[in-house]
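Presented below is the structure to which this report refers.
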Amino acid sequence: MLWSKSLETGVAKIDEQHKELFRQVDILVDRNQANRVDSTLNFLKGYVAKHFADEEVLQKLSNYPKFVAHKKLHVDFTKTFKELYDQYQAAGNKLTVVLAINSAVIGWLKDHIMVHDKEFANYYISQNQGRR
Ligand SMILES: [Fe+2]
C-alpha cells in the first residue's frame, strides 16, 4: 500500500479520493491484476478528472485565494496524464509505459498533496471552523 498517514489532509472527501487514486494506481503494477490494466487506466482517467473537479468546487465555495494557481496544476497534470495514456494506447511494449504512468502519478500526487492540497485543506478547515 502506497498510502501513508502523512498524506492525510484532514478533509475527509479529499482524503478518500486520494486513497482511491493510490489504490487504483497500485493495480497497474500488481502482477496478479495484469488483466485489469486497461480498465484501470480508463477508470483513472475519469476519476482524476472527477477528483480535480470536486476539489475545485470546494476551493470555489470557500473562496480559496490560490484557486487559479491550484487549478492550473490540475490542468497541467491532466495533460501529462493524457499524454501518457495516449502513449500507452500506441505502445508496443505497454509494460514500460505502465511503469512510467505508475511512477509519474505517484510522484506527482505525493508532491501535490504534501504541498498544495495540504495548503488548501488547512485553509478550508480554518474557514469552516470560523462558520461554526
Ligand atoms: Fe489538488
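Sequence positions, counted from 1, serve as the residue numbers for this chain. Remember, it's 1-based here, ligands and their atoms both numbered in the order they're listed.
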Next on the checklist: Is the positively charged end of Lys94 above the ring of Tyr88, judged by distance under 6.0 angstrom from the centroid and angle within 45° of the axis?
Outcome noted: yes
Checklist entry - Can you find a pair of side-chain heavy atoms, one from Ile14 and one from His51, that are under 4.5 Å apart? => result yes
Checklist entry - Side chains of His70 and Glu55: is there a donor and an acceptor less than 3.5 Å apart? => result yes
Item to check | Asp86 with Lys82: basic N within carboxylate O range, under 4.0 Å | outcome: yes
Checklist entry - Hey, which N, O or S atom on Glu55 ends up closest to the Fe ion (ligand 1)? => result OE1
Item to check | Identity of the N, O or S atom of His112 lying closest to the Fe ion (ligand 1) | outcome: NE2
Item to check | Heteroatom test (N, O or S) for His70 near the Fe ion (ligand 1), limit 2.8 Å | outcome: yes
Item to check | Considering only N, O or S atoms of Asp117, the one closest to the Fe ion (ligand 1) | outcome: OD1
